[in-house]
Amino acid sequence: MSCCPQSNTARAIYPSPGLHTNSLCTPNHSMHQSSPSRLDLGSEDLKREKISFVCQIVRVGRMELRDNNTKKLTSGLRRPFGVAVMDVTDIITGKMDDEDKQHFIPFQPVASENDFLQTVINKVIAAKEVNHKGQGLWVTLKLLPGDIHQIRKDFPHLVDRSTAVARKMGFPEIIMPGDVRNDIYVTLVQGDFDKGSKTTPKNVEVTMSVHDEDGKKLENVIFPGAGDEGILEYKSVIYYQVKQPRWFETIKVAIPIEDVNRSHLRFTFKHRSSQDCKDKSEKNFALSFVKLMRYDGTTLRDGEHDLIVYKAEAKKLEDSTMYLSLASTKPEMEERNPSSGKNTQNLGSFSISKDSFQISTLVCSTKLTQNVDLLGLLKWRSNTSLLQQNLRHLMKVEGGEVVKFLQDTLDALFNIMMENSDSETFDTLVFDALVFIIGLIADRKFHHFNPVLETYIRKHFSATLAYTKLTKVLKNYVENAEKLTEQLLKALKALEYIFKFIVRSRVLFNQCVQISHLADIFYISGLWVCSLQGVKRLFHLLRVRVRVRVRVRVCVCVCVCVDCREILLPLMTEQLKLHLENHEELDSCCQLLSNILEVLYRKDVGPTQWHVQIIMEKLLRTVNRTVISMGRDSPLIVILHKMCCTHLNIWVELFWSSADFLMETFIMFKDLIGKNVYPADWVIMNMMQNKVFLRAINQYAAVLSKKFLDQTNFELQLWNNYFHLAVAFLTQESLQLENFSSDKRAKIFHKYQDMRRQIGFEIRDMWYNLGPHKIKFIPEMVGPILEMTLVPEIELRKATIPIFFDMMQCEFHFRRCFQTFENEIITKLDHEVEGGRGDEQYKVLFQKILLEHCRKHKYLATSGETFVTLVVRLLERLLDYRTIMHDESKENRMSCTVNVLNFYKEIEREEMYIRYLYKLCDLHKECDNYTEAGYTLLLHAKLLKWSEEACAAHLTQRDGYQASTQCQLKDQLYQEIINYFDKGKMWEEAIILGKELAEQYENEMFDFEQLSALLRKQAQFYENIVKVIRPKPDYFAVGYYGMGFPSFLRNKMFICRGKEYERWEDFEARLLTQFPNAEKMKTTTPPSEDIRSSSGQYIQCFTVKPILELPPKFQNKPVSEQIVSFYTVNEVQKFQYSRPVRKGEKDPDNEFANMWIERTTYVTAYKLPGILRWFEVVSVSAEEISPLENAMETMQLTNEKISNMVQRHLNDSGLPINPLSMFLNGIVDPAVMGGFTNYEKAFFTEKYIQEHANDQEKIEKLKDLIAWQIPNLAEGVRIHGEKVTEALRPFHERLEVCFKQLKEKVEKQYGVRTLPPVSDEWRGSRPRSMVRSFTMPSSQRPLSVASVTSISSDNSPSRPGSDG
C-alpha cells in the first residue's frame, strides 16, 4: 500500500478463494477512503504458517521532510516513509470471523529516511507490538471463495467492475482455456554504486522503462499496482546517501504478445540532489538493460539477474542501437567469452562500470514458455524438419510446464495431425503425445486439470477428421498387442479421453456433412468391439507378464453392455483377485470393483444377478481378507456398503459352515461399522446402512447359535468377535438417538425403531444361551457389556444390567468369589465415565437392579451388596470428576481428582490410584505448583521399595520412566521430586529426600558419580536456605455453604495456601471468580443452619495465622532465623483466627483493660503444603484470651521481633536503617505508641491486683518481659547509632534521650536484665531465632504463638495417602 500524505491521496497496491479489502488511511490525523481491492490467494497460500498483510508507505515530496526552506528544494521525489503490517493468518484460515469488522493496522515510521522499507517490514513482522501512537490504517477484510467470475456473481455488493483485482504472482491451480495472461513481474532488488567524484554516496534513483529494438518507448505497459493505469516509466524510491540501496520494489510489465520478442527493459541511474538548481543539472550516469526474449526464442528465465552497469555519455545511453548488441548480464558475457574470462566484445563508446545492479523477474504467461522443447512444438511450422524430434521431446517436458500451456499444446498436436491428413508420418507420434498429456492429467499432481481438459474438448476442440487418425492408431495397437503391449497399455489408461476426442471429432464431422445418427452408432460400436478385443488380449498377456492398473471408467463403461460383461467380467475378477491377494494397486482395485457394482445395481443394464454371483463367489472372500489386513483406513471398505441383503444371504449360504469365514466377516464388519463412509448429517443413508448391518448380524447370530454352541464345535474366539461386533454396532455414533433433535428422533424411531434396543436384546439372549461357557468370557466381556449398559436408553439398561449379576453369580460358582469381575468393572467404569458415558439415572438403576438380585441370592446377599455400594460410591466420585473436568477452575479439578484418588487408595486399587496421582501432578505443573507436584509424586515413590524387585506394569504408567526395577524407578522419581521441590523453594524437603537417595548411592548402588552430583546439589540447597529470601504466603480459611456447591465442597471449610505475595483481597476476588453466582458472607462467625440448607452458594473467607510447629531437633537451640522462618508457614497443620471482643464498659483512658481475644484454632486433615494448596478443616476449637494474657503475648512477640532485627543487622551491615529507625522509635518514644505504659495503667494498679488475685504470677511475668525488653533495645539503639547518617543524627539523639529515660524507669521499677555474652563461634553468624534459651529460660516464658512446641496434639497423617 502506498499512502501519500502530501498530496492527500491514498492508493492501494496488492500483489485472488480471494481477500476483499477496503481501507482508511490516517496519517497526520487525516482520513482518506481507499477503493476496494481483491487479493488472489491459492490453496497453497492458505496453508502457510503465517500470512501478513503488508503496506509500504512512500511519501512524494522533497528530500528532507523537516526542511522548511521549500523555495529552492527539489520536489516530486519518492522517499521511504513507513510500513503497516497485520497478521491475517486467522482471517485467511477462518479462525477469526471477518464479518463486518474493521481492523486497525498500526503504522511504523522509518527510524531515519535511510532505513530500507524491507528491513522495517521484517522487524515489524518479527515484533510482537508496534508503538504506533494512534497512527495507522483501518481496513475491512473478507475471504471470498471462488474465482473472479464466481465472486462477481455471488458478491456483487462487494466486488464490481471498479474493484481492483490483484492477480497472483504466479499461476493459479487451474488455467482454464481462454484464460490468456501475459504478465512479467520485475523486482528492483539492490545495487552498489560508487560515489565517484562526490564526497558522499549518491542518492540513486532508478528509472525503468520498456523499449523496442528501435529504442521507441512502449507506452502504458508498466503498472505500479493493481487498479493503476499504465505508465510510461517507473521511478524507484530514493535512499539518501546510501552506497548499497535495497529497494525490493515490484512492478508489473504487461506487453502485447506480438511485441515481446522485440522488447527490452531499460534501467537508467541518476543522482538526485535535494537542491533544485543542482538537481536540474544532473544527468543519467549509467544504464542497465535486459531483453525479454532469449536468443533461443524462450522467455527470460525466472529468478535473479545480475545486470551489467554500463557508463557512457547521457545521450548515448538513450540510443538503443549503441547498447543492444552488448551483453546485458554477467552470465551472458561469460557465454560470449568462454575461454578468456575477460570481456573482448566491442563496447564502442560504453564502458563497464564497477557498479552492480540486481533485479528479479517472474513471467506469468500462458503464451510465452521458458522451455525450448515445448517452444519447438508450439512453433512447429517454423521448422517442420524438426517436427518428429519436437514431438518426442515433448514427452520429456516437465508436466507443470505442459499443463500451463495445455490449450496451445493440444491445438498444436491436432493442427499437426490435420495439416498432414494425407500422410501417416506423424500420426503415431501425435497419438503418443496425446496419451502422454492425458496421462499427466490423470496423475494426482495435476488431477485438478481434468475440468480444463473437459472444457477444451467441449468448447475449443475443432479437429473434425481427427477421429479417423486416432482410430487407426488405436486399432494398430490392438492388432499388434503382442509387440506393442506397453503402448497399448498406456493407450488403455487414456482410453476415456481418447474416446471423448474421437466422439467429439465425429460429432463435429457430422455437423459438417450431416451423416445420420445411426451411422454414428455403428461406428462407435465397431470401435468398442475393437477396444474390447484389445482389452481381452491385454488381459491374457498380462497374466504371464506384469500386473498393472487398467483405467477404471473404461471398464465400467464396458460393463454396461451385457455381452461385454459376459466376455470381460470373468477376466476382470480374475485379475482383481490376483492384485488383491498380492496387495497391488489397491486403490485402483477398490475404485474399479466399486464402480462395477454400481453399474450392476442399475435397472437399465439388463439382468445382473448372475454377474453379481460371479463377483461374490470369486472375490468376496479375498476382499474380506484384504480389508482385515489393511485395517480401518482401507479404501476397499466402501465396496461392502453397496451390497444388499440378497448378496449377504448368498454370502452366508456359500460359507456358513466355515468358522474362519465367520471370523473374518465379524472382524471386517466391526471395521466397517467404525468407518463412517457417509457424513454424520446423512441420517437416512446411515440408518439404511445400519438396517442392513443389523439384519446381517442377526443372521450370523443364528448361524453361530446353531453351528458353534455345542461342546464339540464351540469356538471361543468366534463368539468373542460376535459380542465385540454387536456392541460396536450398538454404541456407534449414528445410532445414538438422544443426539438428534426431538423431531428427527421421532421420525427415525417411527421408520427404523431404536436399533440399539433390538441388538441389545439379541446380545442379552446370546449371553444367556452360552450356559457353562460364560466363565470363559469373564473378565474379557465385562468392558463391552458395561459399554452397552451405559447407553442412555432406559429399556436397554433394564434388560442388560442383570447380565452383571449373572457374571457375578457365574464367577462365584466357579471360584467362590467374584474378585476378577469386580476388579475389571471398576477399571472399565473409570475409563467409560471419564470418556463421557454414564449419568445419575444409570447409577440409580445399577444400584436398584443389582441390589434386588443380590438380596435374593443365598450366598451373594452380603458380598454383593457391599460390591454394589462400592461401585455406586465410585460412580458418584467419577461423575463429579467428569463434571468438574470441564470446569475452568483448575482448583476444583484438583479437589475432585484428590477425591477420586483417595477412594482408590481406600479400596487398594493401586494402578488406578497412581493413574490419578499423575493426573493431579499434571494439573499442578500447568499451574506452576511445583511444591504440590513434588508432594504428589512422592506418594507414588512411597509405594516403591529400594529393591531389585521387578516393576509391575501399573507402576510405570509414564513413558518418560525407563526402569525395570523398583529401585531404578524410585531413583528417577526422587530425582524429579527433588527438582520440583527446588523450583518450589522447598529445599528442606529436597534435602530429606537427597539424604535418603545419597544413602542408596553410597552403600547400595555404589554410584559415586551420581553421589557427588547429588551432594553438590544438596550443598546448594543448604546455602539457599540461609541466603535466599523466600516469600511467606498467607493462609486463608474458606467456607463453602449452601446446597448449590458440588458435594466435595458443600458445607465444608478449607484452609487455603495463598500464592506468593497474594493479598486477602486478591485471593477473595479469585475465589469469587470461580463461583460467580456465590454470595460473599460479611462475617467470620459460623453460618446458620438456614444458610447451610439453602439452595444457594455462600462463601466465607478470612485470613488465618499458621501455628509454628518447630521440628524437635531445633528445640531450645540457637537456630538461624532463616531456618526457623521456613517452619512458620510450612509443615503447618494448625491455624488460628483471633477476633477482639470487648467485655464490660469501655475505658476511654485505656482500651487494653477489657479487650479480650476470641481465638479459634482450625486443624486440617493434612499438613500444608501438600498434594493440594488447601485441605479440609477436620476440627475446630475456640478459647478466650484474657487482656493480661494478650498483653503478655504482645510483649513476647515484640521482644522477639527486636531480637531478630538486631541479629539481622549484626550479620548484614548493608541492611537499610529506615525500618530499624521506625521500629525503635515506636517503642522508646511513648508519644508515638504509648509503649507498655498502657499495660501498667491497666494491670499494675492496686485495684486490678485486688480484683484479680489469681493473676499475680502472670503480672510478674509481664513485668519480667518488660524488663527483658531493655537490653534488646539497648543493642538496637547502639547499632542504630553506628549506622545512622548525618541527616538522621538529630533523630538518633532524640532516640537516645527517650531510651535513656525509659531504661532508667524500667530498671528502677522492674530490675536490671543482662543478655549473656555471645560466644566467638556464633559471632558474625546469621540471625538466630528467639527459641534460644539465653533470651529467657523456657520454664519462665509464657506459651505464645511463636513458642508452641512442634509436637502435634494428634497423630493425623501429614500427607493424604501417607501414613504420617
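Position 1 is the first residue of the sequence; numbering continues from there. Keep in mind it's a predicted model, so treat the numbers as computed, not measured.
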Original post:
In terms of the angle between their ring planes, are His264 and Phe289 parallel, tilted or perpendicular, with boundaries placed at 30° and 60°?
Top reply: perpendicular
How long is the straight-line distance from [atom2] of [Y] back to [atom1] of [X], given to the nearest 0.5 Å?
X      : Y      : atom1 : atom2 : answer
Phe414 : Glu419 : CZ    : CD    : 13.5 Å
Leu324 : Asp319 : CG    : CG    : 9.0 Å
Ile57  : Gln108 : CD1   : CD    : 10.5 Å
Asp279 : Glu205 : CG    : CD    : 8.0 Å
Tyr310 : Ser353 : OH    : OG    : 11.5 Å

Hey, are [X] and [Y] close enough for a salt bridge, meaning a charged N less than 4.0 Å from a carboxylate O?
X      : Y      : result
Lys469 : Asp427 : yes
Glu282 : Lys198 : yes
Glu219 : Lys217 : no
Arg262 : Glu213 : yes
Lys330 : Asp306 : no

**OP:** Taking the six-membered ring for Trp and the single ring otherwise, decide whether the centroids of His305 and Phe357 are under 6.0 Å apart.
**Re:**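 Not under 6.0 Å, so no.
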Classify the side-chain pair [X]/[Y] by whether it contains a donor and acceptor separated by less than 3.5 Å.
X      : Y      : value
Ser462 : His460 : no
Tyr234 : Arg78  : yes
Ser349 : Lys316 : yes
Tyr239 : Arg246 : no

Hey, does [Y] have a side-chain heavy atom less than 4.5 Å from the side chain of [X]?
X      : Y      : value
Ile352 : Val309 : no
Val210 : Arg266 : no
Val253 : Asp183 : no
Leu218 : Ile255 : yes
Val186 : Met208 : yes
Asp411 : Phe461 : no

**OP:** Check whether any side-chain N or O of Ser52 sits under 3.5 Å from a backbone N or O of Val54 as a donor-acceptor pair, and report yes or no.
**Re:** no
